[in-house]
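To start, the structure itself, in structure tokens.
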Amino acid sequence: MSTKTDWILQELESLKEAGLYTNIRTLGSPQGAWLVVDGKKVLNFCSNNYLGLANHPRLVQAAHEALDRYGVGPGAVRTIAGTMDLHLDLEKRLAAFKGVEAAITFQSGFNANLATIPALVGKEDVIFSDELNHASIIDGCRLSRARIVRYAHNDVADLERVIKENKGTYRRALIVTDGVFSMDGDIAPLDEIYQVASAHDILLMVDDAHGEGVLGRGGRGIVDHFDLHGKVDIEVGTLSKAFGVVGGVVAGKAEIIAWLRQRGRPFLFSSAMTVPDTAACIAAVDLLEESTDLVDKLWDNARFFKAEMKNLGFDTGHSVTPITPIMLGEAPLAQEFSRKLYENGVFATAIGYPTVPKGKARIRVMISAAHEKEDLEKGLEAFARVGRELGVIS
Ligand SMILES: *Cc1c(COP(=O)(O)O)cnc(C)c1O
């Protein structure tokens with residue numbers, strides 16, 4: 001007898017057969033260099049906690065103090081009764097940190113994209129979008145109902161070509177790109193993209209989720225990295241990666257931020273970041289403004305690990321950031337590699353289709369400032385052992 005949901009069971013089964021079923025591990029410890037995963041202590045090579053802030057004592061303390069003063073929740077959507085002075089404080093601090101006129105926060109980076117893109121373009125408009133953009137950009141583009149024109153990944157000549165092809169067919173246009181592409185660790189050529197955007201007078205938006213707290217002076221992001229202050233119209237970021245908490249941010253010109261407070265649907269129809277999240281993020285900005293030590297350590301660790309992996313003979317792709325993909329090809333091999341790493345005390349998830357193209361499965365190692373040299377050495381030993389066992393390296 002078949003039921004309405006049999007197809008789901010079949011789909012789940014075929015994911016398992018293809019090595020594409022995601023087994024979600026359970027953590028029994030805070031985020032850090034080491035984790036307790038399904039009851040076992042393992043080295044953490046998976047999280048986006050670039051600076052080790054997710055369990056930083058200063059952030060934890062700030063959250064505690066705010067809880068004592070404000071309680072837990074924001075109480076309503078922000079336009080009705082859910083904007084606390086904490087939220088405005090965080091936005092001012094983020095704007096100052098990034099060197100922009102204004103900033104607005106959202107519940108997540110995903111929501112920041114869903115809010116921003118449909119507020120800026122609509123049915124009569126066009127979006128020029130890098131073909132490898134993050135899912136939240138793609139969904140934001142779709143929600144806007146603007147025509148979506150994809151250009152080849154990081155290919156500025158192709159961007160120019162599609163703009164010329166579509167000239168005169170739209171009311172407004174938007175160019176949107178990830179800053180750092182999270183699966184390969186490459187960076188958008190934002191300086192060249194800016195030249196094109198400026199030549200054609202098109203709004204330019206970058207989603208710097210993996211660049212915030214990582215790229216630029218003291219982690220000020222990709223716009224700072226390319227010294228494009230005042231030139232990129234919209235910078236989207238997340239507070240869930242290097243900032244170690246949760247939340248999204250859009251930074252840019254005052255009128256754009258003011259417009260998002262009026263027309264960003266996740267801002268208008270979903271409640272704000274919670275009290276402890278907001279307070280912890282303010283403490284994260286404090287830390288980043290006080291010192292570049294954590295950002296420097298992140299990059300030192302990443303350079304060391306990447307060089308050693310190359311020496312071992314692994315293909316680490318073409319990352320220019322702390323994101324270190326270990327290219328393995330087929331998804332079942334990547335899954336087996338990940339399983340064996342776990343047996344060897346290392347937590348590093350396999351990533352396959354649809355997150356990356358078919359045949360480009362990998363283990364993505366996320367290095368952080370929370371790691372010590374000896375942690376990285378332990379990780380390298382495990383990779384060498386498993387790599388030899390599976391014939392990936394000799
Ligand atoms: C992680 C990520 C997001 C989502 O951020 P959250 O705050 O976790 O919702 C959005 N865009 C890009 C490019 C990302 O890498």
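If you're wondering where the values come from, they're calculated on a predicted model, not measured in any experiment. In listed order, ligands and their atoms are each counted from 1.
Checked against a 3.5 angstrom limit, the closest N/O atoms of Ala209 and ligand 1 fall outside it. In terms of polar-atom proximity, Val180 is not counted as a contact of ligand 1, lacking any N or O under 3.5 Å from an N or O of the ligand.
Here Arg93 pairs with Asp286 in a salt bridge; the nearest charged N to carboxylate O distance falls below 4.0 Å.
Judged by a 6.0 Å distance limit and a 45° cone about the ring axis, Lys40 is positioned over the six-membered ring of Tyr342. Remark: Arg388 fails to qualify as a cation-pi partner of Phe383 under the 6.0 Å distance and 45° angle criteria applied to the six-membered ring.
With a heavy-atom cut-off of 4.0 Å, Ser108 touches ligand 1 through backbone and side chain alike.
Side-chain contact check for Ile148 versus Phe128: every heavy-atom pair is 4.5 Å or farther apart.
Using modelled atom types and a 3.5 Å distance limit, the side chains of His229 and Asp224 yield a donor-acceptor pair.
Which parts of ligand 1 touch Phe110 is read off a 4.0 Å heavy-atom cut-off, strictly below it: atoms 4 (C), 5 (O), 6 (P), 9 (O). Numbered from 1 in the order shown, with element, the atoms of ligand 1 that lie under 4.0 Å from a heavy atom of Ser136 read 10 (C), 11 (N). Those atoms of ligand 1 with a heavy atom of Ser240 less than 4.0 angstrom away are 6 (P), 7 (O), 8 (O). Ligand-side atoms of ligand 1 in range of Asp178: 13 (C), range being under 4.0 angstrom from any heavy atom. In summary, the atoms of ligand 1 found under 4.0 Å from a heavy atom of Thr238, numbered by their order in the structure, are 5 (O), 6 (P), 7 (O). Contact atoms of ligand 1 toward Asp207: 10 (C), 11 (N), 12 (C), 13 (C) (distance under 4.0 Å to a heavy atom of the residue). Each of the atoms 1 (C), 2 (C), 3 (C), 14 (C), 15 (O) of ligand 1 lies under 4.0 Å from some heavy atom of Lys241.
For the side chain to side chain contact (heavy atoms under 4.5 Å, CB included) with Ile137, the qualifying choice from Thr116, Thr177, Ile117 is Ile117, the only one to do so. With Tyr70 as the fixed residue, the side chain to side chain donor-acceptor pair (under 3.5 Å) test singles out one of Asp85, Thr274, Thr278: Asp85.
Taking a 4.0 Å cut-off on heavy atoms, Gly247 registers as neighbouring ligand 1.
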